[in-house]
Number of protein chains: 2
Amino acid sequence: MSTVLPTNRVDTIERLKSAGVTPTQQRVEIAQLLFARHQHVSAEQVLAMANAHSSVVSKATVYNTLGLFASKGLLREVIVDPTKVFYDSNTSEHHHFYNVDSGELMDIQGESVQLADLPELPAGTQAEGVDVIIRIKQTPNS
Amino acid sequence: MSTVLPTNRVDTIERLKSAGVTPTQQRVEIAQLLFARHQHVSAEQVLAMANAHSSVVSKATVYNTLGLFASKGLLREVIVDPTKVFYDSNTSEHHHFYNVDSGELMDIQGESVQLADLPELPAGTQAEGVDVIIRIKQTPNS
DNA sequence: GAGTAAATTAGACAAAGTCTAGAAATTCAC
DNA sequence: GTGAATTTCTAGACTTTGTCTAATTTACTC
Ligand SMILES: [Mn+2]
Ligand SMILES: [Mn+2]
Ligand SMILES: [Zn+2]
Ligand SMILES: [Zn+2]
(Lines give C-alpha, C1' and ligand atoms only; values in the text may rest on other atoms or scores of the structure.)
(Ligands and ions follow the chains in the order given, each with its own letter.)
Protein backbone atom coordinates (compact mmCIF):
# COMPACT_ATOMS: atom_id res chain seq x y z
CA MET A 1 0.00 0.00 0.00
CA SER A 2 1.95 2.98 -1.25
CA THR A 3 1.34 6.55 -0.19
CA VAL A 4 -0.15 8.79 -2.85
CA LEU A 5 2.52 10.87 -4.58
CA PRO A 6 1.23 14.31 -5.55
CA THR A 7 3.10 16.14 -8.22
CA ASN A 8 1.48 19.54 -8.33
CA ARG A 9 1.43 22.35 -5.83
CA VAL A 10 -2.33 22.30 -5.30
CA ASP A 11 -2.31 18.65 -4.24
CA THR A 12 0.63 19.24 -1.94
CA ILE A 13 -1.13 22.14 -0.25
CA GLU A 14 -4.25 20.01 0.17
CA ARG A 15 -2.21 17.27 1.73
CA LEU A 16 -0.59 19.63 4.22
CA LYS A 17 -3.96 21.10 5.18
CA SER A 18 -5.43 17.64 5.69
CA ALA A 19 -2.60 16.89 8.11
CA GLY A 20 -3.31 20.10 10.03
CA VAL A 21 -0.23 21.89 8.74
CA THR A 22 -0.48 25.49 7.55
CA PRO A 23 0.89 25.44 4.01
CA THR A 24 3.47 28.19 4.04
CA GLN A 25 5.78 28.93 1.13
CA GLN A 26 8.69 27.07 2.72
CA ARG A 27 6.68 24.06 3.84
CA VAL A 28 5.17 23.58 0.41
CA GLU A 29 8.60 23.83 -1.15
CA ILE A 30 9.98 21.12 1.14
CA ALA A 31 6.85 18.96 0.79
CA GLN A 32 7.09 19.09 -3.00
CA LEU A 33 10.63 17.84 -2.87
CA LEU A 34 9.92 15.08 -0.38
CA PHE A 35 6.56 13.80 -1.60
CA ALA A 36 7.56 13.63 -5.26
CA ARG A 37 8.73 10.10 -4.63
CA HIS A 38 9.59 7.71 -1.84
CA GLN A 39 13.02 8.59 -0.56
CA HIS A 40 15.25 8.63 2.49
CA VAL A 41 16.96 11.96 3.01
CA SER A 42 18.84 13.81 5.74
CA ALA A 43 18.10 17.36 6.87
CA GLU A 44 21.30 18.53 5.21
CA GLN A 45 20.19 17.00 1.93
CA VAL A 46 16.80 18.68 2.15
CA LEU A 47 18.48 22.00 2.83
CA ALA A 48 20.74 21.55 -0.19
CA MET A 49 17.89 20.40 -2.45
CA ALA A 50 15.65 23.29 -1.45
CA ASN A 51 18.33 25.90 -1.97
CA ALA A 52 19.93 24.36 -5.04
CA HIS A 53 18.96 27.21 -7.33
CA SER A 54 18.03 30.19 -5.19
CA SER A 55 18.04 30.46 -1.42
CA VAL A 56 14.50 29.82 -0.27
CA VAL A 57 14.64 28.06 3.10
CA SER A 58 16.85 28.51 6.14
CA LYS A 59 18.48 25.73 8.10
CA ALA A 60 16.26 26.38 11.15
CA THR A 61 13.14 26.11 9.02
CA VAL A 62 14.27 22.86 7.44
CA TYR A 63 14.76 21.29 10.86
CA ASN A 64 11.50 22.79 12.16
CA THR A 65 9.59 21.58 9.12
CA LEU A 66 10.96 18.05 9.11
CA GLY A 67 10.15 17.74 12.80
CA LEU A 68 6.65 19.09 12.23
CA PHE A 69 5.98 16.78 9.29
CA ALA A 70 7.18 13.81 11.31
CA SER A 71 4.95 14.74 14.26
CA LYS A 72 1.96 15.00 11.89
CA GLY A 73 2.65 11.64 10.29
CA LEU A 74 3.69 13.05 6.93
CA LEU A 75 7.20 11.74 7.33
CA ARG A 76 8.83 8.98 9.26
CA GLU A 77 12.12 9.31 11.08
CA VAL A 78 14.52 6.42 10.67
CA ILE A 79 17.36 6.15 13.19
CA VAL A 80 20.02 3.89 11.80
CA ASP A 81 23.08 6.04 11.17
CA PRO A 82 24.71 7.45 14.32
CA THR A 83 25.59 10.68 12.55
CA LYS A 84 22.24 11.77 11.15
CA VAL A 85 18.51 11.15 11.03
CA PHE A 86 16.89 9.87 7.84
CA TYR A 87 13.48 11.23 6.90
CA ASP A 88 11.38 8.75 4.97
CA SER A 89 8.62 9.97 2.68
CA ASN A 90 7.19 6.47 2.62
CA THR A 91 4.90 6.49 5.65
CA SER A 92 3.32 3.11 5.08
CA GLU A 93 4.37 0.31 7.42
CA HIS A 94 7.58 -1.13 6.13
CA HIS A 95 11.08 -2.09 7.18
CA HIS A 96 14.58 -1.38 5.94
CA PHE A 97 17.83 -2.67 4.60
CA TYR A 98 20.76 -0.57 5.71
CA ASN A 99 23.97 -0.96 3.75
CA VAL A 100 26.67 -0.29 6.32
CA ASP A 101 29.32 0.04 3.60
CA SER A 102 27.55 2.64 1.46
CA GLY A 103 25.28 4.18 4.07
CA GLU A 104 22.33 3.55 1.76
CA LEU A 105 18.89 2.92 3.24
CA MET A 106 16.39 0.84 1.24
CA ASP A 107 12.79 -0.15 1.76
CA ILE A 108 11.96 -3.80 2.23
CA GLN A 109 8.96 -4.40 0.04
CA GLY A 110 5.61 -5.72 1.18
CA GLU A 111 5.12 -8.34 3.81
CA SER A 112 8.44 -10.09 3.36
CA VAL A 113 9.33 -9.35 6.97
CA GLN A 114 6.82 -10.22 9.62
CA LEU A 115 7.14 -10.49 13.35
CA ALA A 116 5.51 -13.58 14.78
CA ASP A 117 3.88 -11.51 17.51
CA LEU A 118 4.83 -8.80 19.94
CA PRO A 119 6.34 -9.86 23.25
CA GLU A 120 4.74 -8.72 26.45
CA LEU A 121 5.45 -5.03 26.93
CA PRO A 122 6.84 -3.59 30.18
CA ALA A 123 4.05 -2.63 32.60
CA GLY A 124 2.50 0.76 31.99
CA THR A 125 3.74 1.03 28.43
CA GLN A 126 2.23 0.64 24.99
CA ALA A 127 3.86 0.04 21.62
CA GLU A 128 4.40 3.06 19.43
CA GLY A 129 6.00 1.25 16.54
CA VAL A 130 8.31 -1.54 15.49
CA ASP A 131 11.48 -0.95 13.50
CA VAL A 132 13.22 -3.80 11.76
CA ILE A 133 16.56 -2.99 10.22
CA ILE A 134 18.54 -5.59 8.35
CA ARG A 135 22.13 -4.45 8.23
CA ILE A 136 23.78 -5.63 5.03
CA LYS A 137 27.25 -5.30 3.58
CA GLN A 138 28.85 -5.84 0.23
CA THR A 139 29.75 -9.47 -0.35
CA PRO A 140 33.54 -9.58 -0.69
CA ASN A 141 34.29 -10.77 -4.24
CA SER A 142 36.43 -13.90 -3.89
CA MET B 1 22.13 -17.77 26.39
CA SER B 2 23.75 -15.09 28.47
CA THR B 3 27.34 -13.94 28.07
CA VAL B 4 29.66 -14.90 30.89
CA LEU B 5 30.09 -12.08 33.39
CA PRO B 6 33.62 -12.02 34.85
CA THR B 7 34.09 -10.16 38.08
CA ASN B 8 37.82 -10.24 38.65
CA ARG B 9 40.64 -8.56 36.81
CA VAL B 10 42.35 -11.76 35.74
CA ASP B 11 39.24 -13.04 33.96
CA THR B 12 38.73 -9.71 32.26
CA ILE B 13 42.31 -9.67 31.00
CA GLU B 14 41.88 -13.22 29.72
CA ARG B 15 38.73 -12.22 27.91
CA LEU B 16 40.42 -9.27 26.23
CA LYS B 17 43.36 -11.40 25.13
CA SER B 18 41.03 -14.05 23.71
CA ALA B 19 39.42 -11.33 21.61
CA GLY B 20 42.80 -10.19 20.33
CA VAL B 21 42.85 -7.01 22.38
CA THR B 22 46.00 -6.01 24.27
CA PRO B 23 44.87 -5.61 27.86
CA THR B 24 46.15 -2.19 28.78
CA GLN B 25 45.38 -0.48 32.07
CA GLN B 26 42.64 1.67 30.57
CA ARG B 27 41.02 -1.11 28.54
CA VAL B 28 40.85 -3.40 31.55
CA GLU B 29 39.32 -0.59 33.58
CA ILE B 30 36.60 -0.02 31.01
CA ALA B 31 36.05 -3.73 30.45
CA GLN B 32 35.58 -4.31 34.18
CA LEU B 33 32.88 -1.67 34.28
CA LEU B 34 31.08 -2.91 31.20
CA PHE B 35 31.29 -6.65 31.64
CA ALA B 36 30.24 -6.62 35.30
CA ARG B 37 26.66 -6.91 34.10
CA HIS B 38 24.49 -6.55 31.03
CA GLN B 39 23.91 -2.87 30.44
CA HIS B 40 23.34 -0.24 27.80
CA VAL B 41 25.60 2.77 28.22
CA SER B 42 26.75 5.77 26.23
CA ALA B 43 30.37 6.85 25.79
CA GLU B 44 29.74 9.81 28.09
CA GLN B 45 28.47 7.46 30.77
CA VAL B 46 31.50 5.22 30.46
CA LEU B 47 33.76 8.24 30.73
CA ALA B 48 31.94 9.37 33.87
CA MET B 49 31.92 5.90 35.42
CA ALA B 50 35.61 5.33 34.75
CA ASN B 51 36.63 8.68 36.20
CA ALA B 52 34.15 8.77 39.07
CA HIS B 53 36.80 8.58 41.75
CA SER B 54 40.12 9.49 40.20
CA SER B 55 40.84 10.44 36.60
CA VAL B 56 42.01 7.31 34.88
CA VAL B 57 40.86 7.42 31.25
CA SER B 58 40.65 10.22 28.72
CA LYS B 59 37.73 10.91 26.42
CA ALA B 60 39.71 9.90 23.33
CA THR B 61 40.60 6.57 24.90
CA VAL B 62 37.00 5.87 25.89
CA TYR B 63 35.85 6.38 22.29
CA ASN B 64 38.81 4.42 20.91
CA THR B 65 38.21 1.57 23.33
CA LEU B 66 34.46 1.32 22.78
CA GLY B 67 35.03 1.29 19.03
CA LEU B 68 37.74 -1.35 19.38
CA PHE B 69 35.61 -3.56 21.65
CA ALA B 70 32.69 -3.30 19.24
CA SER B 71 34.89 -4.24 16.27
CA LYS B 72 36.15 -7.28 18.19
CA GLY B 73 32.67 -8.42 19.13
CA LEU B 74 33.03 -7.66 22.83
CA LEU B 75 30.33 -5.01 22.65
CA ARG B 76 27.39 -4.31 20.44
CA GLU B 77 26.45 -0.86 19.20
CA VAL B 78 22.77 -0.03 19.33
CA ILE B 79 21.59 2.89 17.21
CA VAL B 80 18.23 4.03 18.44
CA ASP B 81 18.69 7.50 19.91
CA PRO B 82 19.65 10.17 17.38
CA THR B 83 21.87 11.93 19.90
CA LYS B 84 24.14 9.12 21.04
CA VAL B 85 25.23 5.54 20.52
CA PHE B 86 24.40 2.88 23.11
CA TYR B 87 27.00 0.23 23.84
CA ASP B 88 25.50 -3.06 24.89
CA SER B 89 27.53 -5.48 26.99
CA ASN B 90 25.05 -8.23 26.12
CA THR B 91 26.49 -9.57 22.89
CA SER B 92 24.11 -12.48 22.52
CA GLU B 93 21.45 -12.24 19.82
CA HIS B 94 18.57 -10.26 21.19
CA HIS B 95 16.30 -7.34 20.46
CA HIS B 96 15.22 -4.20 22.29
CA PHE B 97 12.45 -2.14 23.74
CA TYR B 98 13.16 1.55 23.49
CA ASN B 99 11.14 3.83 25.73
CA VAL B 100 10.85 7.04 23.74
CA ASP B 101 9.62 8.95 26.79
CA SER B 102 12.41 7.98 29.20
CA GLY B 103 15.14 7.17 26.68
CA GLU B 104 15.59 3.81 28.38
CA LEU B 105 16.77 0.82 26.38
CA MET B 106 15.77 -2.68 27.55
CA ASP B 107 16.56 -6.16 26.35
CA ILE B 108 13.75 -8.31 25.03
CA GLN B 109 14.27 -11.68 26.62
CA GLY B 110 14.71 -14.94 24.83
CA GLU B 111 12.94 -15.92 21.66
CA SER B 112 9.87 -13.78 22.16
CA VAL B 113 10.60 -11.91 18.94
CA GLN B 114 11.26 -13.97 15.87
CA LEU B 115 11.38 -12.99 12.22
CA ALA B 116 9.53 -15.40 9.97
CA ASP B 117 12.49 -15.45 7.58
CA LEU B 118 14.79 -12.99 5.91
CA PRO B 119 13.63 -11.38 2.68
CA GLU B 120 15.79 -11.67 -0.40
CA LEU B 121 18.80 -9.41 0.00
CA PRO B 122 19.89 -6.92 -2.66
CA ALA B 123 22.28 -8.48 -5.17
CA GLY B 124 25.92 -8.56 -4.08
CA THR B 125 25.12 -8.10 -0.41
CA GLN B 126 25.01 -10.32 2.65
CA ALA B 127 23.30 -9.83 5.99
CA GLU B 128 25.45 -8.56 8.81
CA GLY B 129 22.73 -8.47 11.43
CA VAL B 130 19.10 -7.83 12.17
CA ASP B 131 17.97 -5.19 14.64
CA VAL B 132 14.43 -5.19 15.96
CA ILE B 133 13.47 -2.21 18.05
CA ILE B 134 10.05 -1.93 19.60
CA ARG B 135 9.46 1.69 20.43
CA ILE B 136 7.25 1.99 23.50
CA LYS B 137 5.81 4.89 25.43
CA GLN B 138 4.18 5.40 28.79
CA THR B 139 0.50 4.56 28.67
CA PRO B 140 -1.33 7.81 29.47
CA ASN B 141 -3.22 7.25 32.73
CA SER B 142 -6.89 7.90 31.96
C1' DG C 1 -5.11 49.05 7.38
C1' DA C 2 -4.21 47.94 12.46
C1' DG C 3 -3.46 44.39 15.60
C1' DT C 4 -2.21 39.80 16.72
C1' DA C 5 -0.36 35.32 16.25
C1' DA C 6 2.36 32.18 13.63
C1' DA C 7 6.34 31.32 10.94
C1' DT C 8 10.97 32.33 9.30
C1' DT C 9 15.65 33.72 9.79
C1' DA C 10 20.81 34.50 10.85
C1' DG C 11 23.80 33.21 13.55
C1' DA C 12 25.21 31.92 18.27
C1' DC C 13 25.31 27.89 20.79
C1' DA C 14 25.38 22.86 22.45
C1' DA C 15 26.60 17.99 22.36
C1' DA C 16 28.62 13.90 20.36
C1' DG C 17 32.32 12.41 18.27
C1' DT C 18 36.98 12.76 15.56
C1' DC C 19 41.64 14.11 14.84
C1' DT C 20 46.38 15.61 15.77
C1' DA C 21 50.71 15.81 17.68
C1' DG C 22 53.21 14.85 21.55
C1' DA C 23 53.96 12.01 25.90
C1' DA C 24 54.03 7.66 28.04
C1' DA C 25 54.24 2.88 28.10
C1' DT C 26 55.40 -1.49 26.06
C1' DT C 27 58.05 -4.56 23.13
C1' DC C 28 62.03 -5.83 20.72
C1' DA C 29 67.05 -6.13 19.53
C1' DC C 30 71.32 -6.69 21.12
C1' DG D 1 70.11 -3.71 30.97
C1' DT D 2 70.26 0.06 27.05
C1' DG D 3 68.50 2.02 23.23
C1' DA D 4 65.28 1.86 19.30
C1' DA D 5 60.84 0.93 17.39
C1' DT D 6 55.93 0.37 18.12
C1' DT D 7 51.73 0.85 20.39
C1' DT D 8 48.75 3.28 23.32
C1' DC D 9 47.17 7.28 25.69
C1' DT D 10 46.20 12.09 26.16
C1' DA D 11 44.76 17.22 26.02
C1' DG D 12 42.55 19.91 23.54
C1' DA D 13 41.43 21.72 18.95
C1' DC D 14 38.18 20.75 15.63
C1' DT D 15 33.94 18.98 12.92
C1' DT D 16 29.19 17.89 12.34
C1' DT D 17 24.45 17.62 13.46
C1' DG D 18 21.11 19.77 15.56
C1' DT D 19 18.95 23.48 18.87
C1' DC D 20 17.96 28.03 20.57
C1' DT D 21 17.26 33.05 20.65
C1' DA D 22 15.82 37.38 19.44
C1' DA D 23 14.45 39.96 15.69
C1' DT D 24 11.94 40.17 11.39
C1' DT D 25 8.51 38.77 8.16
C1' DT D 26 4.26 36.79 6.93
C1' DA D 27 -0.46 35.53 7.50
C1' DC D 28 -5.02 36.03 9.69
C1' DT D 29 -8.75 38.64 11.67
C1' DC D 30 -11.30 42.41 12.44
MN1 LIG E 1 27.35 11.25 16.24
MN1 LIG F 1 22.42 14.39 16.52
ZN1 LIG G 1 11.58 3.58 3.99
ZN1 LIG H 1 20.70 -5.24 24.80
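Sequence lines set the chain letters: A, B, ... in the order given, protein chains first and strands last, and positions in each chain run from 1.
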Evaluate the side-chain proximity of B:Asp81 to A:Ile79: yes if any heavy-atom separation is below 4.5 Å, no if none is.
no

Residue B:Ala60, side-chain atoms from C-beta onward, closest of C:dG17, D:dG18, C:dC19
C:dC19

Mark yes or no for whether A:Ser55, through its side chain, and A:Asn51, through its backbone, hold a donor-acceptor pair below 3.5 Å.
no

I want to check something: taking the side chain as every heavy atom from C-beta on, are B:Val85 and B:Ser42 in contact at a cut-off of under 4.5 Å?
no

Report yes if the side chains of A:Phe69 and A:Leu16 come closer than 4.5 Å at any heavy-atom pair, otherwise no.
yes

Of all heavy-atom pairs between A:Met49 and A:Val41, which one has the smallest distance, and what is that distance?
SD-CG1, 4.4 Å

On a plain distance test, is the side chain of B:Lys84 in donor-acceptor contact with the base of C:dG17 below 3.5 Å?
no

To the nearest Å, give me how far apart CG (A:Asp81) and P (D:dT16) are.
14 Å

Would a 4.5 Å heavy-atom cut-off, applied to side chains only, mark A:Ile134 and A:His95 as touching?
no

Rounded to the nearest Å, what distance is computed from the CD1 atom of residue B:Ile79 to the P atom of nucleotide C:dG17?
9 Å

Among residues 61-75 of chain B, which residues get a heavy atom nearer than 4.0 Å to DNA chain C?
B:Tyr63

Report the distance from atom CD of B:Glu44 to atom P of C:dA16, rounded to the nearest whole Å.
5 Å

When the distance from NZ of A:Lys17 to C1' of C:dA6 is rounded to whole Å, what number comes out?
16 Å

Rounding to 10°, can you tell me the angle the first-five-pair axis of the helix from C:dG1-D:dC30 to C:dC30-D:dG1 makes with its last-five-pair axis?
30°

B:Glu77 has an atom CD; how far is it from atom P of C:dA16, in whole Å?
16 Å

Side chain to side chain, A:Asn99 and A:Gln138, heavy atoms closer than 4.5 Å
yes

Report yes or no: does B:Asp107 contribute a side-chain atom to a donor-acceptor pair with the main-chain N or O of B:Gln109 at less than 3.5 Å?
no

Mark yes or no for a side-chain to base donor-acceptor pair under 3.5 Å between B:Lys59 and C:dG17, with no hydrogen or angle criteria applied.
yes

Do A:Arg76 and A:Asp131 come within less than 4.5 Å of each other through their side chains, counting heavy atoms only?
yes

Check for a donor-acceptor pair, side chain of A:Gln39 on one end and backbone N or O of A:Leu34 on the other, with a separation under 3.5 Å.
yes

Quick one, which residues of residues 19-30 of chain B touch DNA chain C with a heavy atom under 4.0 Å?
none

So do the side chains of B:Arg15 and B:Asp11 get within less than 4.5 Å of each other, counting heavy atoms only?
no

